[in-house]
Amino acid sequence: MRLQTIGLIGGTGDLGKALAFHLAKGPDTVLLGSRSQEKAEACVSDIFSEKGASQTEIGDLRRHLKPCTNQEVVKLADVVIATIPYENAVDTVRDLTPHFKGNQLFISAAAAVQKSENGEFKAPIGTHSLTLQLRDILPATVKVAAAFQTVPARTLYKGKENFAADVLVASEDKETFVKTAEIVSQIKGLRALHIGSLELSAEIESLTSILLNIGIKNGIKNPTFKVESL
Ligand SMILES: NC(=O)c1ccc[n+]([C@@H]2O[C@H](COP(=O)([O-])OP(=O)(O)OC[C@H]3O[C@@H](n4cnc5c(N)ncnc54)[C@H](OP(=O)(O)O)[C@@H]3O)[C@@H](O)[C@H]2O)c1
């Protein structure tokens with residue numbers, strides 16, 4: 001298996017931290033990125049202290065997980081996962097675009113979530129697919145997918161034995177789905193399901209709001225999607 005470098009921009013939030021921790025258990029190098037090198041270092045130290053229960057685990061994490069800036073992530077990583085707030089994603093990626101090394105996979109995990117006055121969550125009015133907007137900004141040699149929007153980050157970070165969730169993926173082509181699914185399948189309990197082209201990414205981006213409402217209205221903790229065949 002070819003070793004690769006996986007990087008997270010906005011890796012210091014709940015989702016970035018959870019993905020970084022689980023991906024760093026595998027053989028690949030994982031770059032946890034931030035706008036601030038110091039914040040990335042503090043986040044990686046937190047992961048070491050919270051998750052390094054044994055000498056072997058802490059050894060693996062220390063070898064594979066590195067703090068860096070978002071700029072270094074896009075310069076160095078073969079796979080870039082954007083775990084940044086929806087409303088900041090376009091500006092952040094536009095600023096980083098000149099630094100992408102090219103021929104990379106870019107996965108957007110950003111979800112369109114806005115809290116209404118009545119406490120319900122929904123996608124902001126007039127929201128178009130963020131992933132399609134990012135596709136327009138990114139270099140042509142970078143392949144783009146949307147994924148991870150329905151994964152509850154804090155539950156994933158806990159790493160419970162029975163954790164299981166489906167990761168819905170929209171991608172610009174089948175090969176991009178296959179590469180995204182390889183990343184998803186490195187995390188125990190996650191299964192990638194292809195929903196289709198990037199034209200469908202807005203549907204995935206709005207699912208987080210639906211899940212948040214399901215959780216609140218029905219008293220379900222950390223709801224996620226699991227698709228079953230009956
Ligand atoms: N949390 C979940 O359970 C979950 C689940 C599925 C999908 N998502 C989606 O995944 C994304 C990340 O979620 P999260 O909960 O981890 O988010 P978050 O904690 O709100 O933000 C993640 C990181 O984004 C960076 N950031 C914050 N403001 C920024 C700005 N103005 N410009 C550029 N970067 C900024 C920060 O990193 P630095 O300050 O270190 O740069 C922050 O730690 C969101 O789009 C969310 O909708 C979240």
Side-chain angles (χ1 to χ4, degrees), residues 7-23 30-47 65-74 80-97 99 106-115 121-124 127 129-131 133-134 137 144-160 163 165-170 180 183-184 187 189-190 192-193 201-216 220-226:
L8 295 123
I9 55 176
T12 56
D14 284 343
L15 187 61
K17 191 177 170 191
L19 293 176
F21 162 58
H22 285 287
L23 291 169
V30 176
L31 305 177
L32 189 149
S34 167
R35 289 167 295 177
S36 141
Q37 176 70 26
E38 293 73 28
K39 193 171 168 186
E41 283 169 10
C43 185
V44 167
S45 296
D46 286 347
I47 296 175
L65 182 57
K66 312 279 178 207
C68 66
T69 61
N70 289 338
Q71 229 180 73
E72 285 173 300
V73 167
V74 303
V80 176
I81 307 176
T83 52
I84 37 181
Y86 189 90
E87 52 278 17
N88 309 117
V90 167
D91 287 346
T92 303
V93 172
R94 189 179 284 117
D95 288 349
L96 291 170
T97 296
H99 306 287
F106 180 95
I107 303 173
S108 171
V113 180
Q114 194 172 59
K115 198 169 189 179
F121 290 91
K122 60 180 188 178
T127 300
S129 158
L130 169 69
T131 315
Q133 293 177 60
L134 298 178
I137 298 170
V144 179
F148 296 115
Q149 281 79 1
T150 57
V151 177
R154 289 188 182 185
T155 317
L156 177 65
Y157 187 65
K158 281 183 193 153
K160 283 187 181 162
F163 182 85
D166 283 334
V167 175
L168 309 183
V169 182
T180 305
I183 300 295
V184 171
I187 301 179
L190 294 187
L193 295 177
S201 49
E203 271 74 5
I204 299 186
E205 290 165 1
S206 65
L207 287 177
T208 312
S209 295
I210 293 174
L211 282 173
L212 289 169
N213 292 328
I214 290 172
I216 292 164
I220 298 173
K221 272 191 183 172
N222 308 309
T224 188
F225 284 116
K226 280 187 265 179

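Just so you know, ligand 1 is whichever comes first in the structure, and atom 1 is the first atom listed for that ligand.
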* To do: Could you tell me whether atom 17 (O) of ligand 1 has at least one protein heavy atom nearer than 4.0 Å?
  => no
* Asked: Does any N or O atom in P152 lie less than 3.5 angstrom from one in ligand 1, N or O only?
  -> no
* To do: Specify side chain, backbone, both or neither for N88, according to which of its non-hydrogen atoms lie closer than 4.0 Å to ligand 1.
  => side chain
* Any chance you could measure I84, atom CD1, to T92, atom OG1, to the nearest 0.5 Å? => 4.5 Å
* To do: Provide, to 0.1 Å, the distance between atom 24 (O) of ligand 1 and the closest protein heavy atom, together with that atom's residue and name.
  => P85 CD, 3.3 Å
* Asked: Is any N or O atom of A110, backbone or side chain, closer than 3.5 Å to an N or O atom of ligand 1?
  -> no
* Asked: Strictly under 4.0 Å, does any heavy atom of D14 approach an atom of ligand 1?
  -> yes
* Interatomic spacing from CD in E87 to CD in Q114 - rounded to 0.5 Å -> 8.5 Å
* Structure fact -> Under 4.0 Å from one or more heavy atoms of S34, ligand 1 contributes atoms 38 (P), 40 (O), 41 (O)
* Asked: Which of the atoms of ligand 1 are close to F148, meaning less than 4.0 Å from one of its heavy atoms?
  -> 6 (C), 7 (C)
* Asked: Salt-bridged, K226 to D166, with N to O below 4.0 Å?
  -> no
* Asked: For F121, does its backbone N or O pair with a side-chain atom of N213 as donor and acceptor, under 3.5 Å?
  -> yes
* In Å, rounded to the nearest 0.5 Å, how long is the span from OG of S108 to CD of E205? -> 6.0 Å
* Test P152 against every option in T155, L156, T150 by the side-chain contact (heavy atoms from CB on, under 4.5 Å) rule and name the one that passes. => T155
* Asked: Given that the side chain starts at C-beta and the backbone is N, CA, C, O, which of these parts of Q149 lies under 4.0 Å from ligand 1, counting heavy atoms, or is it both or neither?
  -> backbone
* Asked: Are the side chains of L19 and I187 in touch, meaning some heavy atoms are under 4.5 Å apart?
  -> yes
* Identify, for atom 23 (C) of ligand 1, the protein heavy atom at the shortest distance, and state residue, atom and that distance. => G10 O, 3.4 Å
* Numbered atoms and elements of ligand 1 in range of T92, under 4.0 angstrom, heavy atoms -> 32 (N), 33 (C)
* Asked: With no hydrogens and no angle check, is any side-chain donor or acceptor of T12 less than 3.5 Å from a backbone partner on A40?
  -> no
* Can you pull out the closest protein heavy atom to atom 26 (N) of ligand 1? Residue, atom name and distance to 0.1 Å, please. => R35 NH2, 3.4 Å
* Option whose closest heavy atom lies nearest to atom 42 (C) of ligand 1, chosen from L32, T150, N70, T12 -> T12
* Asked: Taking both backbone and side-chain atoms of A153, is any N or O found less than 3.5 Å from an N or O belonging to ligand 1?
  -> yes
* For ligand 1, which part of I84 has a heavy atom less than 4.0 Å away: the side chain, the backbone, both, or neither? -> both
* Structure fact -> Nearest non-hydrogen protein atom to atom 46 (C) of ligand 1, with distance, is A111 N, 4.0 Å
* Asked: Does any N or O in the side chain of T83 come within less than 3.5 Å of the main-chain N or O of I9, such that one atom is a donor and the other an acceptor?
  -> yes
* Asked: Donor-acceptor pair, T69 side chain versus R35 backbone, under 3.5 Å?
  -> no
* **Subset of ligand 1 atoms that lie under 4.0 Å from at least one heavy atom of Y86** => 45 (O)
* Structure fact -> When distances are taken from atom 13 (O) of ligand 1, the protein heavy atom at minimum range is L15 CB, 4.1 Å
* Asked: For ligand 1, is any non-hydrogen atom under 4.0 Å from V151's backbone (N, CA, C, O), its side chain (CB onward), both, or neither?
  -> backbone
* Among all protein heavy atoms, pick out the one at the shortest distance from atom 39 (O) of ligand 1; state its residue, atom name and that distance to 0.1 Å. => K39 NZ, 2.6 Å
* Heavy-atom check, side chain of I81 versus side chain of I183, under 4.5 Å -> yes
* Find out whether P67 and L32 are in side-chain contact, i.e. whether some heavy atom of one side chain is under 4.5 Å from a heavy atom of the other. => no
* Do we get K17 above Y157's six-membered ring, with its NZ or CZ under 6.0 Å from the centre and within 45° of the axis? -> yes
* Asked: Of the protein's non-hydrogen atoms, which lies at the shortest distance from atom 19 (O) of ligand 1, and what is that distance?
  -> G13 CA, 3.4 Å
* To do: Would you indicate whether the side-chain heavy atoms of F148 and I204 approach each other to under 4.5 Å?
  => no
* Would you mind checking which non-hydrogen protein atom is closest to atom 9 (C) of ligand 1, with the distance to 0.1 Å? => A109 O, 3.3 Å
* To do: For S36 and ligand 1, answer yes if some heavy atom of the residue is under 4.0 Å from a ligand atom, otherwise no.
  => no
